[in-house]
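Below: the structure, in structure tokens.
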Amino acid sequence: MATTVEYIEYVCEQIREIGDIRYKKMFGEYMIYVNDKPVAIVCDNNTFVKKLDCIKELMENAEVGLPYNGAKEHYILDIDNSEFCKNVLIEIEKVTPVPKPRRKKLN
């Protein structure tokens, strides 16, 4: 089951106050960016975040899962708990670099 537009917009609404929020469709699912930094993956109407040291204590009771086949295990974010999600994503944003622009391939 693919993520619905309604769900991705709900996720963005839940965290809107923490910075510049946008999402991008990737491989049929979505990546959420805060201040141009990739902070969460949304797959099958679930929000996943990487298992990072900076959020280990915050997420100690969180469910875990695989966002897609071949992925490493991620934490599943309870997106209905807006304040908690904002705290988690703020910590992730602090340690996540802005991706370097891709160079265009020359033919």
Side-chain angles (χ1 to χ4, degrees):
M1 174 181 97
T3 297
T4 63
V5 173
E6 292 82 11
Y7 183 79
I8 191 69
E9 289 178 355
Y10 173 70
V11 171
C12 292
E13 179 65 23
Q14 290 291 90
I15 61 171
R16 75 177 186 278
E17 299 158 350
I18 65 172
D20 180 33
I21 309 295
R22 68 182 174 91
Y23 60 88
K24 182 176 180 181
K25 192 160 187 140
M26 301 178 78
F27 309 110
E29 294 293 352
Y30 296 90
M31 178 68 73
I32 294 180
Y33 294 83
V34 175
N35 302 326
D36 293 322
K37 299 175 181 181
V39 297
I41 300 171
V42 180
C43 299
D44 296 327
N45 285 349
N46 285 298
T47 306
F48 296 88
V49 293
K50 281 186 179 179
K51 287 183 142 187
L52 300 171
D53 288 340
C54 65
I55 60 169
K56 190 174 185 177
E57 287 184 31
L58 285 170
M59 299 298 289
E60 67 184 351
N61 295 321
E63 290 183 53
V64 295
L66 303 175
Y68 53 89
N69 288 337
K72 292 182 180 180
E73 192 173 72
H74 284 58
Y75 293 120
I76 298 174
L77 201 56
D78 177 9
I79 202 62
D80 294 326
N81 186 342
S82 179
E83 288 304 312
F84 178 75
C85 291
K86 288 187 251 186
N87 290 335
V88 169
L89 294 175
I90 286 168
E91 293 304 313
I92 293 172
E93 190 268 340
K94 288 178 187 176
V95 301
T96 303
V98 174
K100 295 178 182 177
R102 292 184 177 186
R103 292 196 281 172
K104 292 185 178 181
K105 292 182 181 179
L106 300 175
N107 289 339

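Note that the structure is predicted; figures quoted are calculated from it, not measured.
- In this structure K51 satisfies the salt bridge (charged side-chain N to carboxylate O under 4.0 Å, His left out) test together with E73, sequence neighbours excluded.
- Side-chain contact check for C85 versus Q14: every heavy-atom pair is 4.5 Å or farther apart.
- Atom-to-atom distance recorded for I79:CD1 and F84:CZ is 10.5 Å, nearest 0.5 angstrom.
- Partners of E57 under the salt bridge (charged side-chain N to carboxylate O under 4.0 Å, His left out) rule, at least two apart in sequence or in another chain, do not exist in this structure.
- For the pair P38 and T96, the minimum side-chain heavy-atom distance is below 4.5 Å.
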Exercise. Any chance you could lay out the side-chain contact (heavy atoms from CB on, under 4.5 Å) test for L89 and L77, step after step, and finish with the verdict?
Key: CA-CA 10 Å; L89 294 175; L77 201 56; 4.2 Å; yes
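- K94 is listed as a side-chain neighbour of I90, based on a closest heavy-atom distance under 4.5 Å.
- Distance CG/L52 to CD1/I92: 5.5 Å, rounded to 0.5 Å.
- Note on I21: it does not cluster hydrophobically with M26, by side-chain heavy-atom contacts below 4.5 Å among ILVMFWY residues.
- Side chains of H74 and Y68 form no contact here, defined as non-hydrogen atoms less than 4.5 Å apart.
- Here the closest non-hydrogen pair linking T47 and Y7 is OG1-OH, 3.1 Å.
- Two residues are said to be in side-chain contact when any heavy atoms from C-beta on lie closer than 4.5 Å; Y23 and V42 fail this criterion.
- Shortest non-hydrogen contact noted between F48 and I76 is CE2-CG1, 3.6 Å.
- To the nearest 0.5 Å, the span separating CE on M59 from CG on N87 amounts to 11.5 Å.
- Using a 4.5 Å cut-off between side-chain heavy atoms of Ile, Leu, Val, Met, Phe, Trp and Tyr, with links allowed through other members, V11 and V34 fall into the same hydrophobic cluster.
- Taking OH of Y10 as the start and CG of N45 as the end, the distance is 12.0 Å to the nearest 0.5 Å.
- Linking ILVMFWY residues whenever their side-chain heavy atoms come closer than 4.5 Å, directly or via other members, places V64 and L58 in the same cluster.
- Around the CG atom of D53, the shell of radius 6.0 Å holds no more than 12 heavy atoms that belong to other residues, nucleotides or ligands.
- Follow the hydrophobic side-chain contacts under 4.5 Å out from I41 and you never reach I15; the two are in separate clusters.
- I18 is not listed as a side-chain neighbour of N35, based on a closest heavy-atom distance of 4.5 Å or more.
- A 4.5 Å side-chain heavy-atom check between T4 and E9 finds every atom pair outside the cut-off.
- Contact check for V5 versus Y30: side-chain heavy atoms found under the 4.5 Å cut-off.
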